[in-house]
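Computation of the quantities below employed the complete heavy-atom set of this structure, encompassing side-chain atoms and omitting hydrogens, waters and symmetry-equivalent molecules. Counting convention: from 1, in listed order, for ligands and their atoms alike.
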Amino acid sequence: MASISIIHFLLISLFCSFLLVSSSHQQQPYPKPKPSHQQPPYSKSKPNLLVLPVQQDASTGLHWANIHKRTPLMEIPVLLDLNGQHLWVNCDQHYSSSTYKAPFCHSTQCSRANANTCHTCVTSNADRPGCHNNTCALMSANPVTQQTAMSELAQDVLAIYATNGPKIGPMVTIPQFLFSCAPSFLTQKGLPNNVQGVAGLAHSQISLQNQLSSHFGLQRQFTMCLSRYPNSKGAILFGDAPNNMHFGQGNNYNTKNIPNIFNNLAYTPLTTNQQGEYRMHVTSIRINQHTVVPVSGSMLSNYPEGVMGGTLISTAIPYTILQHSLFEAFIQVVGKQYPKQAQVNAVAPFGMCFDSKKINQALNVEFVMDKPNVVWRISGDNLMVQPQNGVSCLAFVNGGLHPKAAITIGSHQLEENLLMFDLAKSMLGFSNSLNSHGMKCSDLFDFTNAP
Ligand SMILES: *[C@@H]1O[C@H](CO)[C@@H](O)[C@H](O)[C@H]1NC(C)=O
């Protein structure tokens, strides 16, 4: 009897330690994707406008979205990267889909993706998503850490919500959406918690916006409104938003203002470089009517588009980055707007901070675009952050002598602004802060019935 209960005890403790091991295993940095509530059948009709709900991650200040992919459909959280070339996801963990395909090297899909080198997988002798031989290779990049990795080009089902007026509609699918399967190390640093990849929206062959426009025959434009408030959702609308929102049907009082916002956007030329990154042209910066003049002979002359030309727009950095001499000139003008004793020690990564109680006067920063009357205003919550209680810092960062562009506008400055990227006309429409219209990005679209 005694020996039986000892064996019994051993078996039970063995079982318990197995449970412990397997439950701690589930807390690994690679959470299983969630099954989607949306399953077939999807809408068969051709949509005019698609919507992707987007949310801010409070710890990084960056924005992410749930992409619906695979068979059966799963929700995959991905970082939003305006200048990313394509969608990549971590395929090393939990990728299971009956519709996954890796196109053969030199196939039409590979040339469409501009993936001209062949891929071999030597890390494993068993085929699995991301690991096949004789497929083509695409470089995936983490835009926060700048790490890159050769990845397998892949195809699988992607689903996205069509709109129904200002509300969420049925899902529509692209059966053979092109993306890349990156190794897991690429998601380990810099990205919001749990994020499993990056959705690229650049003006390039197989970016998310480009594949959606081509597949559904949408107008080549998308509208982005990033919400500052982590508990409410912003959106990216793919297609002709102004003509397909059917305004006024929403039950939210504020939606009545939306047609006005779209009708009163300011427009400035939008250029893209070889990598499909979005740039606009800032000709000068004014702070409370004082022009910022960087010292002459500064490294700024190295930027080919002129002193402040080629301003990059990025969702992969939280705060706007200014080249060193521009930053110095900038904080000098700001410093003169407030009494000296209002300044306190700067809190990294910011370069200028104030005692919140001693700065009553509003600061108004203006980026003057291609024409003197086309002005991007940055004020209030877009301009300042409070990294500590009672301390307000300019939400701008010194980019050193050789940043990628003299100005890179970051997500803190893009939030609560409606931005329309019109790729057919090469124009960027912008609303300036929606707060000044008594609105928020979360008013743009009614996600209340989203699963
Ligand atoms: C791919 O080929 C290499 C050698 O050419 C082999 O070692 C490897 O196991 C193969 N991988 C797969 C996934 O078949």
Using salt bridge (charged side-chain N to carboxylate O under 4.0 Å, His left out) as the criterion, list what pairs up with R377, not counting sequence neighbours. E366

Axial cation check for Y95 ring with R70, 6.0 Å and 45° limits: yes

Hey, does the Lys NZ or Arg CZ of K425 hover above the aromatic six-ring of Y267, less than 6.0 Å from the centre and inside 45° of the axis? no

Disulfide (SG to SG under 2.5 Å) pairs, two or more places apart, involving residues 56-103: C91-C181

For E416, all residues meeting salt bridge (charged side-chain N to carboxylate O under 4.0 Å, His left out), sequence neighbours excluded: none

List the protein residues in contact with ligand 1, where contact means a heavy-atom separation under 4.0 angstrom. C121, S124, N125, A126, D127, C131, N133

Using a cut-off of 6.0 Å, state whether more than 12 heavy atoms not belonging to Y229 lie near its atom OH. yes

